[in-house]
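Reminder, nothing fancy here: chain letters follow the sequence lines and each chain counts from 1.
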Number of protein chains: 2
Amino acid sequence: MTQKIFVETKTATLFSEQEPFIFECGASLPEITVAYETYGELNPAGDNAVFINHALTGNAHAAFYNSTDDKIPGWWDGFVGNGKPIDPAEYFIVCANLLSSCYGTTGPTSINPKTGRTFGMDFPPTTTRDMVRVNKALLDYLGVKKLACVTGGSLGAMQVWEWIVQYPDFVEKAVNIAGTAKGSPWMIALNEVARQAIYNDPKWNNGKGEFTQPELGLKLARMIAMITYRSQAQFWQRYARERVDESSERYFNFDNWFQIESYLHYQGTKLVERFDARTYIYLTKAMDLHDISRGFDSWESALKRIRASVLSVGISSDVLYFREELIELTRQLRELGINASYREIDSIFGHDSFLIEYDKLNPIVRAFLRQH
Amino acid sequence: MTQKIFVETKTATLFSEQEPFIFECGASLPEITVAYETYGELNPAGDNAVFINHALTGNAHAAFYNSTDDKIPGWWDGFVGNGKPIDPAEYFIVCANLLSSCYGTTGPTSINPKTGRTFGMDFPPTTTRDMVRVNKALLDYLGVKKLACVTGGSLGAMQVWEWIVQYPDFVEKAVNIAGTAKGSPWMIALNEVARQAIYNDPKWNNGKGEFTQPELGLKLARMIAMITYRSQAQFWQRYARERVDESSERYFNFDNWFQIESYLHYQGTKLVERFDARTYIYLTKAMDLHDISRGFDSWESALKRIRASVLSVGISSDVLYFREELIELTRQLRELGINASYREIDSIFGHDSFLIEYDKLNPIVRAFLRQH
């Protein structure tokens with residue numbers, strides 16, 4: 001039996017009145033608090049660090065356990081940990097809750113010192129580039145001189161792309177999984193219907209006044225998203241046409257759910273208990289605005305900045321970030337002479353595969369990290 | 001310049017107190033009114049008829065024009081009409097508004113003679129089999145002895161499958177496009193989030209009391225569905241990352257939509273003006289319950305009943321009814337010795353291709369109808 005290893009979520013307060021954090025939109029805040037975890041030790045050269053970017057509803061707790069009460073370890077424990085590809089025996093691993101999230105880092109749910117109330121929708125619109133710039137400040141604060149690797153899946157992968165364009169000399173290797181260098185209109189469409197689910201909830205009240213969680217709206221937003229995180233093949237395999245109540249007399253009742261409906265409702269309710277609707281709006285908007293070429297002369301001039309070795313991992317059944325986009329991106333990078341490769345996880349688990357298919361993901365990333 | 005041809009939507013009142021229509025769920029109604037259109041003439045043998053099954057928000061008006069005010073012809077005018085694969089010069093073409101819809105056929109928006117108010121959610125749960133049984137009664141009433149062809153796309157295709165299992169000797173050929181023989185959990189999931197969008201609208205009021213259209217809810221339901229009717233490639237091609245307002249000072253504003261968002265809102269609003277939320281619930285539930293094997297000993301025993309020649313047309317980019325399901329169904333039919341073939345529309349227009357890609361669809365169906 002393996003002993004549970006316990007880790008602590010710490011916080012750092014970065015920036016100052018004199019050197020505030022300036023968002024891409026132009027707004028600024030004098031202080032940003034960042035919640036983060038670290039595993040392993042930074043070497044004297046400060047260049048054995050790995051930064052982990054989390055996805056939409058993730059947090060700083062990537063691996064191990066926070067307390068004896070925890071029934072499950074951190075969200076990427078299958079990929080990060082002793083004997084895993086991102087191993088604290090080798091690396092100084094940092095995972096931070098991203099800007100605008102609701103797990104300890106400053107965002108719309110934080111108290112606005114000017115009003116004494118939560119920022120809410122007065123929080124500055126945030127971009128993936130803002131997130132990465134805050135996390136760069138965190139790494140400076142921690143004494144990191146260079147990232148041996150930066151990685152993440154989904155929204156985490158989008159940040160990986162910003163890292164290697166914004167800080168080309170700071171990153172050695174980049175592993176992006178199921179996430180692209182600019183948001184697709186497909187993703188924007190799916191994010192917008194999720195937001196509308198929240199906006200339509202009367203409790204949302206246009207985001208004005210005292211905040212009350214729009215539970216039904218956030219639940220529905222999550223239900224929509226959960227469909228796009230898996231695949232039709234996986235739904236067939238796991239749920240098929242099974243009913244919650246298989247009795248024939250309730251066959252035609254509208255409230256006799258299919259198991260797949262029950263699954264979505266369960267997942268929706270679970271998110272409402274642990275997430276905030278305002279953060280959901282801010283982070284999905286950040287995904288929509290995501291475009292590594294913003295502010296550069298051209299798409300190519302942004303890509304040309306990249307010096308890291310780039311591994312893009314696509315998922316065969318991903319219906320949110322289609323494999324074709326990563327294949328095309330890899331082609332573009334290679335054409336520019338950048339060390340880029342594409343590998344694929346062949347799975348029916350869809351977008352979520354990066355959180356499930358460790359038997360397939362880990363060997364791919366291990367091989368990439370071993371390359372010189 | 002081609003002259004516009006005008007057609008009329010007629011109604012027939014079918015069944016009676018003595019011989020009521022009995023729904024699969026066991027409920028019954030003494031009268032069912034059916035709205036329908038016909039094009040062409042029935043031959044003396046009564047065997048040159050083609051029945052067209054429409055999709056979720058369709059109606060009986062498949063082709064030509066109803067009035068001089070009409071800016072566009074019927075919903076399948078590219079496929080049905082003079083010189084088209086379903087040609088009134090050759091066939092007696094019938095299209096009927098399906099049971100539970102809101103375009104003239106009896107459904108939840110009809111007046112319940114017992115109460116003098118609309119049925120609303122007291123209308124019996126309806127299945128694709130119920131729809132087909134009502135339409136069979138219509139064809140009997142019209143003197144049709146045999147269908148030379150039965151066809152439809154999406155929910156229309158689901159009804160095609162019920163036709164050939166329920167009335168094996170009545171159908172010569174069947175063309176189902178982008179629709180399957182039983183609802184997939186993927187489709188059920190997408191239908192359920194659309195329904196929840198309606199249920200979450202306070203105007204829905206649990207479907208109780210005086211009905212008020214839950215406009216925001218129905219709009220959102222449609223927005224969700226519209227995403228699944230196209231494809232990510234088509235969204236890239238048509239909308240990419242274009243904004244409604246491209247001015248840089250509004251770049252970060254949450255209310256400055258991307259064009260794809262504007263498209264979805266426009267489509268959602270349009271449906272609210274022409275459709276009813278109660279019908280949306282009933283028809284999506286019918287799709288979920290759709291299973292041609294219900295009541296038979298096995299899946300195979302249902303398929304074995306089919307005597308029609310079956311052409312299944314899949315769409316390469318369909319993310320709602322995946323091509324794989326139709327390929328597998330065709331394989332099963334052939335294994336049972338049924339004359340079945342699969343053809344594919346290679347298109348980026350996704351599920352909607354059956355309403356768009358006539359250059360690709362029409363030759364496929366023409367060739368199939370010419371076969372003996």
Looking at every non-hydrogen atom in both residues, tell me the closest pair between B/Ala189 and A/Phe235 and how far apart they are. CB-CE2, 3.9 Å
Pair A/Leu155-A/Leu98, side chain to side chain contact (heavy atoms under 4.5 Å, CB included): steps then yes or no: CA-CA 10 Å; A/Leu155 171 55; A/Leu98 51 78; 4.0 Å; yes
With a 4.5 angstrom heavy-atom cut-off, is it the side chain or the backbone of B/Leu264 that approaches chain A, or both, or neither? side chain
On a heavy-atom basis, the closest approach of B/Ile198 and B/Pro214 is CG2-CG, 3.9 Å
Closest non-hydrogen atom pair between A/Ile188 and A/Gly183, with its separation: CD1-O, 4.4 Å
Determine the option with the most heavy-atom pairs under 4.5 angstrom with chain A, choosing from B/Ile227, B/Leu216, B/Ile260. B/Ile227
Quick check on B/Phe258 against chain A: is it the side chain, the backbone, both or neither that has a heavy atom closer than 4.5 Å? side chain
Residue from A/Phe254, A/Phe322, A/Phe23 scoring the most non-hydrogen pairs under 4.5 Å with chain B is A/Phe254
Chain B heavy atoms under 4.5 Å from A/Met121: which part of the residue, side chain, backbone, both or neither? side chain
Does any part of the side chain of B/Leu29, heavy atoms only, come nearer than 4.5 Å to the side chain of B/Ile22, both counted from C-beta? no
Between chain B and chain A, which donor-acceptor atom pairs come closer than 3.5 Å, counting both backbone and side-chain atoms?
unit_1	atom_1	unit_2	atom_2	d
A/Gly183	O	B/Arg241	NH1	2.8
A/Glu192	OE2	B/His265	NE2	2.7
A/Arg195	NH2	B/Glu261	OE2	2.8
A/Gln196	NE2	B/His265	NE2	3.4
A/Asn200	ND2	B/Leu216	O	3.3
A/Leu216	O	B/Asn200	ND2	3.3
A/Trp236	NE1	B/Glu325	OE2	3.2
A/Arg241	NH1	B/Gly183	O	2.8
A/Arg241	NH1	B/Asp288	O	2.9
A/Arg241	NH2	B/Asp288	O	2.9
A/Arg241	NH2	B/Leu289	O	3.3
A/Arg241	NH2	B/His290	O	3.3
A/Tyr251	OH	B/Arg294	NH1	2.9
A/Phe254	O	B/Lys285	NZ	2.6
A/Glu261	OE2	B/Arg195	NH2	2.8
A/His265	NE2	B/Glu192	OE2	2.7
A/His265	NE2	B/Gln196	NE2	3.4
A/Lys285	NZ	B/Phe254	O	2.6
A/Asp288	O	B/Arg241	NH1	2.9
A/Asp288	O	B/Arg241	NH2	2.9
A/Leu289	O	B/Arg241	NH2	3.4
A/His290	O	B/Arg241	NH2	3.3
A/Arg294	NH1	B/Tyr251	OH	2.9
A/Glu325	OE2	B/Trp236	NE1	3.1

Closest non-hydrogen atom pair between B/Ala178 and B/Leu326, with its separation: N-CD1, 3.9 Å
One option among B/Ile224, B/Leu289, B/Ile281 has the most heavy-atom pairs under 4.5 Å with chain A, and it is B/Leu289
Best-contacting candidate, A/Pro202, A/Pro124, A/Ala240, A/Ala197, against chain B by heavy atom pairs under 4.5 angstrom: A/Ala240
